[in-house]
Amino acid sequence: MEIARLSVETKWLLLCSSVNRIRGGGNGAQAHESFQGCNKTVPSSLTAQILQFDGELILMSLGQELAPHLPFLRRYARALTGSQAHGDAFVRATLEAIVAKPDEFPRDVDPRLGLYKTFHAIWSTANIEEGEEPSQSPTGAEGIAHARLSRITPLSRQALLLTSLEGFSSDDTAFLIGASPQDVDSLVAEALEEIERQTLADVLIIEDEPIIAMDIETIVRDLGHNVTGVAVTRDEAVAQARQNPPGLVLADIQLADDSSGIDAVKDILAEFSVPVIFITAFPERLLTGTRPEPTFLITKPFQRSTVKAAIAQALFFDAATVPAA
């Protein structure tokens, strides 16, 4: 069976695997195979059928190198598009492109850089060219984003997210978006200024650690937003949301009484439509791509610039935010 004839999903599983064949003596080869895919498995018989090549050891390492970075690429894609579904679709398209032409994957840079570079190649070909109008006016969150995107360039938002949310240096960001490091710095400043001009919100903070809560509150107020309250338990968060409906929620996951910030957010979203940013020390647990997950996620310990970028992006897609004067 030729690899080229397999489905994209199967080929990606193989790309994420390493298979060891141990040859024996006699007329036939005795083999022991171990297979580990990207959280999935393939029957060993299929693995042996595909990966046999004159009985030699075959190691497919590219998938293993990229797998740890996929949760964070999902985070970036979701923040860029404002949607889990759209963001994950771009990530899937990126993986399909890598599987289709693995030889074209950038191997002269760090694997994470190569992964994000491939993503940007997919992203750039999917966006509307400058000056081109969409065939029909978008609605909902897409319509909100379209209206605001008309006042800010995609490159500025990419530069902001790559540096502030993903932690890339100006040099690496320049490589990813095809600009100079000096241009990246200018683009980041431009994006922050424009987004801050466009949005204001009432913010509910759900955080049980006083120092962290105070730090987040300072960041929120410095951005010009109003803090409606700081809750430390699930019940307190829901009560405060009912008393003062927020325009944005910043939520920790583990709360003071061992209740869950996730459950608090579910209760709030059952009554209000509001963007949410989760804060956690274990982001990969919420970025598996297998269930409804947060679009915006901040990793603890966080940088102030990361919080600012996430807030700006969350409000960017929200209709309830009030354009600043």
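Positions are given from 1 along the sequence. Note that the structure is a prediction, hence the values are computed from the model and not measured.
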Given side chains that start at C-beta, do those of [X] and [Y] come closer than 4.5 Å, heavy atoms only?
| X | Y | result |
| --- | --- | --- |
| D267 | D235 | no |
| K117 | V109 | no |
| T299 | R75 | yes |
| V307 | L223 | no |
| D202 | N244 | no |
| D172 | D110 | no |
| T218 | R304 | yes |
| F302 | D215 | yes |

Practice prompt. Measure from NZ or CZ of R112 to the centre of the six-membered ring of Y116, then state whether that distance is under 6.0 Å and the direction lies within 45° of the axis.
Written response: yes
Look at [X] together with [Y] and state whether they make a salt bridge at an N to O cut-off of under 4.0 Å.
| X | Y | result |
| --- | --- | --- |
| K308 | D222 | no |
| E217 | R221 | yes |
| D257 | R234 | no |

Practice prompt. Report the distance from atom CG of L115 to atom CG of L95, rounding to the nearest 0.5 Å.
Written response: 7.0 Å
Fill in: Option among V276, I268, I216, I253 that satisfies the side-chain contact (heavy atoms from CB on, under 4.5 Å) test with I206
I268
So, does [X] use its side chain to make a donor-acceptor pair with the main chain of [Y] at under 3.5 Å?
| X | Y | answer |
| --- | --- | --- |
| R157 | L80 | yes |
| T94 | T118 | no |
| T81 | A77 | yes |
| H225 | V220 | no |
| S164 | T306 | no |
| E209 | I211 | no |

Item to complete: With side-chain contact (heavy atoms from CB on, under 4.5 Å) as the test, would you mind laying out the steps for T173 and E166 before giving the verdict?
Response: CA-CA 10 Å; T173 300; E166 299 304 313; over 6 Å; no
Response to the item:
The single option from F105, F72, Y76 that satisfies ring pair (Phe, Tyr, Trp, His ring centres under 6.0 Å) with F119 is Y76
Item to complete: Please step through side-chain contact (heavy atoms from CB on, under 4.5 Å) for the pair H120 and L162, ending with a clear verdict.
Response: CA-CA 11 Å; H120 275 134; L162 287 169; 3.4 Å; yes
Worksheet item: Would D252 and K300 count as a side-chain contact (heavy atoms from CB on, under 4.5 Å) if you check the C-alpha gap in whole Å, the side-chain angles of each, and the deciding distance to 0.1 Å?
Response: CA-CA 10 Å; D252 191 2; K300 285 184 176 180; 3.0 Å; yes
Item to complete: Check the surroundings of atom CD in Q303: do more than 12 heavy atoms from other residues, nucleotides or ligands lie under 6.0 Å from it?
Response: no
Worksheet entry | Shortest non-hydrogen contact between A237 and L204, atoms and distance | O-CD2, 3.7 Å
Fill in: Nearest atoms (heavy-atom pairs only) where L315 meets P275
CD2-CG, 4.4 Å
Worksheet entry | Residues S170 and D185: side-chain donor-acceptor under 3.5 angstrom | yes
Discussion item. Apply side-chain contact (heavy atoms from CB on, under 4.5 Å) to residues L160 and L187 and explain how you reach the verdict.
Written reply: CA-CA 7 Å; L160 173 65; L187 288 168; over 6 Å; no
